[in-house]
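In the text below, chain A, chain B and the rest are named by the order of the sequence lines, each starting its count at 1. Heavy-atom basis, side chains included; hydrogens, waters and symmetry copies ignored.
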2 protein chains.
Amino acid sequence: MTKKKAQAEAAFLATYDPKDFPRPSVTVDLVILTITDADLKVLLVERGEHPFQGRLALPGGFVRVAEGQREQGEGLDEAAARELAEETGLEPGSVYLEQLAAFGAPLRDPRTRVISVAYFALVRPTLAPLVRAGGDARAARWVSVADAKDLAFDHDAILAAALARVKRELDASSVAFALVPETFSIQELRAVHEVVRGEALDPGNFRKRFLRMVEDGVIEPARGKRLTASKPASVYRFVQNRDRDRAATAPASRR
Amino acid sequence: MTKKKAQAEAAFLATYDPKDFPRPSVTVDLVILTITDADLKVLLVERGEHPFQGRLALPGGFVRVAEGQREQGEGLDEAAARELAEETGLEPGSVYLEQLAAFGAPLRDPRTRVISVAYFALVRPTLAPLVRAGGDARAARWVSVADAKDLAFDHDAILAAALARVKRELDASSVAFALVPETFSIQELRAVHEVVRGEALDPGNFRKRFLRMVEDGVIEPARGKRLTASKPASVYRFVQNRDRDRAATAPASRR
DNA sequence: TCAAAAGTGTTTCTCGTACACCCATGT
DNA sequence: ACATGGGTGTACGAGAAACACTTTTGA
C-alpha cells in the first residue's frame, strides 16, 4: 500500500518538469540579537501592511533570483548579509551572521507560498545604538525578547529556534564573543553568558574557565582597563584564526 | 556610502513585488545514512541526465507548491518525508529525519536557480537491506561515505555538513539510537559511536556511560540476548518520550 | 570608612581516560 | 585449552560547583 503509493509518486515525478509548476517565493528572515541593559534584545519591525498589519515581525526580504544560466542572482548568505546591512546600517563583517534553518510550512504566509531561510545575527552592544541611524525607512527597534510575543507569521517559532541555537552554541562556539565589545572584561563576558542562559553564574568559577581560555590561546590580554563601580578590571580580546596559531605554536594540550 | 546604498536598496524594496520577479525552484535533498559492515554508508543515486550525467548524487526532488490562499502544497518536512519514503520504500516513522540546512548558492545547479533544503535521515541497519526492494525506479544504492566523493552539484558539501552534524549530535541527542536495531547490545551502540567518530572507544569506559544512561532512564533493559563470538550480551531498548516519564517519576538526579 | 566588585584559594564531587583483570562461552 | 569478548574494578586528573576570603578601588 505504501509501495503502491510510492510507485504512483515515482510516475508523477518522472513527468514533473519544474518549469511547468508553481515555485515558491523565497525570503530571508533575520533574528538580530544584541544585549543592552543586561537584557537580550531582538530587532523587530512593525508591519505597515496586511497581513499582520501593525504587528511586530522579524526583518527580512526576498532573495534576489535570476533564472539565467550565467546569472542566477544572489546567494542565501549574500541575501542575508544585504538585508542585515539594509536593516542596521552596520558594516558587514562587524556583525556575526549564521544560517539558522529553513521554515516552509504551507500557509505560514496567507498571501502565497513563501519559504523562508532564517538567519541569526549577533550585534556588539557598542554597535547597537547606531542601528536606528543607519537603518532603512521601516522603523526597526530593539525589543526585549521577553516582550517579543505574538509576532507576525511564524516568527515566534523562528525567534524561539534562534534563542535555543544561541544558547546551545554558547559554550561550544565563539558566539559569546560577538555579544561583547572588541575588548572586554571577564565580568562582561560572564554577563553575556548569564543573560543568554538566564541564570546567575559564580564569578569565581567563571573566572577560572575564562583564564583557562586565556591559557589555551582562545583569549588574549588587551591593553587598558575597564572602569567599574569599584576596582578597574583587566580587558581581553578574542583571538580569531586561532586554529592557525595553535598549529604553529604546538598544541601543549593540558592532557 | 553604505548609507546611500542602503537607501537605494530601501527604495528598490518598496517597489519590489514578488509576483513580478523570478522565483527559484526549491528542492529537498536527502542525506540518508546507515551503518552496515562497521561502515557508515550513504544512499546515492546515479544521475541519468545532464547535468552531471553518470555522477552520483543525493536523492531529492522538488517541493510541491501551490500558490493559493487556501492550498499552498506540502511543507518542507512533509516533502522530505515523502522523498524519503519514495526513495527507500520504508515506513515513515521507522526512520529518523531532521532538517540539516538550506543550500542556495547561485549556479549550484547550472540549469536554473535552485535552492535546496537538505535533510539527513538515519536508517537502522536492520532496515537497510530492504531499501532497494521498495525504492523507486532510479537505482539507489548504499555507498561508503569514504568513497562518496565527486558528487553532483554541491552534494559533497551537503554530505560533509550532514556528517559533521551527526558527529556533533551523537553525544547530545538521540541520533545514535536511530542507527542500531530496536533492541541493541552495549557493543552495538558503541560500534555506532566508533564508526561515526572514526576512532576506537574503550569498552569498559563506554559501558559505564551506557549504564549511567540506563540509570537515568534513557535506556531500559529488554528481553533476550545478543549472540556474539563469545559470551552472549544483554540487549536494551531506547526509551522514547522520556521527558514525560522523567517528569512523572521525579528527577532523582544524581546530584 | 564602607560598599562593590576584582581577584584568590579550598574543598568536594563527578566524569573521562587509561588500564588491569576476571569470567562465561563457542570453537 | 584457549581465544574472544562480556563484564568489573581501580587510579589519576580535569573540571564543575559551592563558598569563604583578601585586595583594590570609587564614593
Note to self: Rounding to an integer number of Å, can you tell me how far B/Ile186 CD1 sits from D/dT8 C1'?
What the structure shows: 12 Å
Checklist line | Heavy atoms from other residues, nucleotides or ligands near CD of B/Glu182 exceed 12 (cutoff 6.0 Å) | finding: no
Notebook entry, point to check: Taking N and O atoms by type only, does the side chain of B/Asn205 place a donor or acceptor under 3.5 Å from a partner on the base of C/dA18?
Noted result: yes
Notebook entry, point to check: Any donor-acceptor pair under 3.5 Å between the side chain of A/Lys208 and the base of C/dT10?
Noted result: yes
Note to self: Any carboxylate oxygen within less than 4.0 angstrom of a Lys/Arg side-chain nitrogen, looking at B/Arg55 and B/Glu46?
What the structure shows: no
Note to self: In whole Å, I'd like the distance from the CD atom of A/Gln187 to the P atom of C/dT8.
What the structure shows: 16 Å
Item checked: Atom pair distance, as rounded to whole Å: NE2 in B/His193 and P in C/dG16 -> 11 Å
Item checked: Considering all heavy atoms, the nearest A/Thr36-A/Ala128 contact -> CG2-CB, 4.0 Å
Next item on the list: Starting from the 5' end of DNA chain C, give me the residue, A/Ala229 or A/Lys225, whose nearest nucleotide shows up first.
Entry: A/Ala229
Next item on the list: Check whether any side-chain nitrogen or oxygen of A/Arg190 sits under 4.0 Å from OP1 or OP2 of C/dG7, and answer yes or no.
Entry: no
Checklist line | Whole-Å distance separating the CG atom of A/Leu211 from the P atom of D/dA16 | finding: 13 Å
Note to self: Nearest heavy atom decides the nucleotide; on that basis, is A/Lys231 or B/Lys231 closer to the 5' end of DNA chain D?
What the structure shows: B/Lys231
Check: When all nucleic acid strands are considered with a 4.0 Å heavy-atom cut-off, which category describes B/Pro232: base, sugar-phosphate, or nothing?
Finding: sugar-phosphate
Note to self: Which nucleotide wins on minimum distance to the side chain of B/Asp202, given the candidates C/dC19, D/dG6, D/dT23?
What the structure shows: C/dC19
Next item on the list: Grab the CG-C1' distance between A/Leu227 and D/dA27 for me, whole Å please.
Entry: 14 Å
Note to self: For a quick check of understanding: with a heavy-atom distance under 4.0 Å over all strands, which category does A/Ser234 fall into, base, sugar-phosphate or nothing?
What the structure shows: sugar-phosphate
Note to self: As a quick check of understanding, evaluate ring-ring contact (aromatic ring centres under 6.0 Å, His included) for B/Tyr236 and B/Phe210, giving each step before the final call.
What the structure shows: CA-CA 10 Å; B/Tyr236 299 81; B/Phe210 189 100; 4.9 Å; yes
Next item on the list: Determine, for B/Arg108 against B/Asp29, whether the closest basic-nitrogen to carboxylate-oxygen distance falls under 4.0 angstrom.
Entry: yes
Next item on the list: Please state how far atom CG in A/Asp171 lies from atom C1' in D/dG15, giving the value in whole angstrom units.
Entry: 13 Å
Item checked: Distance below 4.0 Å between B/Arg226 side-chain N/O and D/dG6 OP1 or OP2 -> no
Note to self: Under 4.0 Å between a side-chain nitrogen and a carboxylate oxygen: does that hold for A/Asp147 and A/Lys41?
What the structure shows: no
Item checked: Rounded interatomic separation in angstrom, taking CZ from A/Phe206 and C1' from D/dG15 -> 15 Å
Check: Which nucleotide in the set C/dA5, D/dG6, D/dG5 lies at the smallest distance from any side-chain heavy atom of B/Ser230?
Finding: D/dG5
Item checked: Which nucleotide in D/dG7, D/dG15, C/dC19 has an atom nearest any side-chain atom of A/Arg212 -> D/dG15
Next item on the list: Figure out the CE/P separation between A/Met213 and D/dA16, and round it to whole Å.
Entry: 10 Å
Note to self: Measuring to OP1 and OP2 of C/dC15, would you say a side-chain N or O of B/Arg209 lies under 4.0 angstrom away?
What the structure shows: no
Notebook entry, point to check: With respect to the phosphate group of D/dT8, does any side-chain polar atom (N or O) of B/Arg207 fall under 4.0 Å of OP1 or OP2?
Noted result: yes
Check: Taking the nucleotide of DNA chain C with the closest heavy atom to each, which residue, A/Glu188 or B/Thr228, is nearer the 5' end?
Finding: A/Glu188
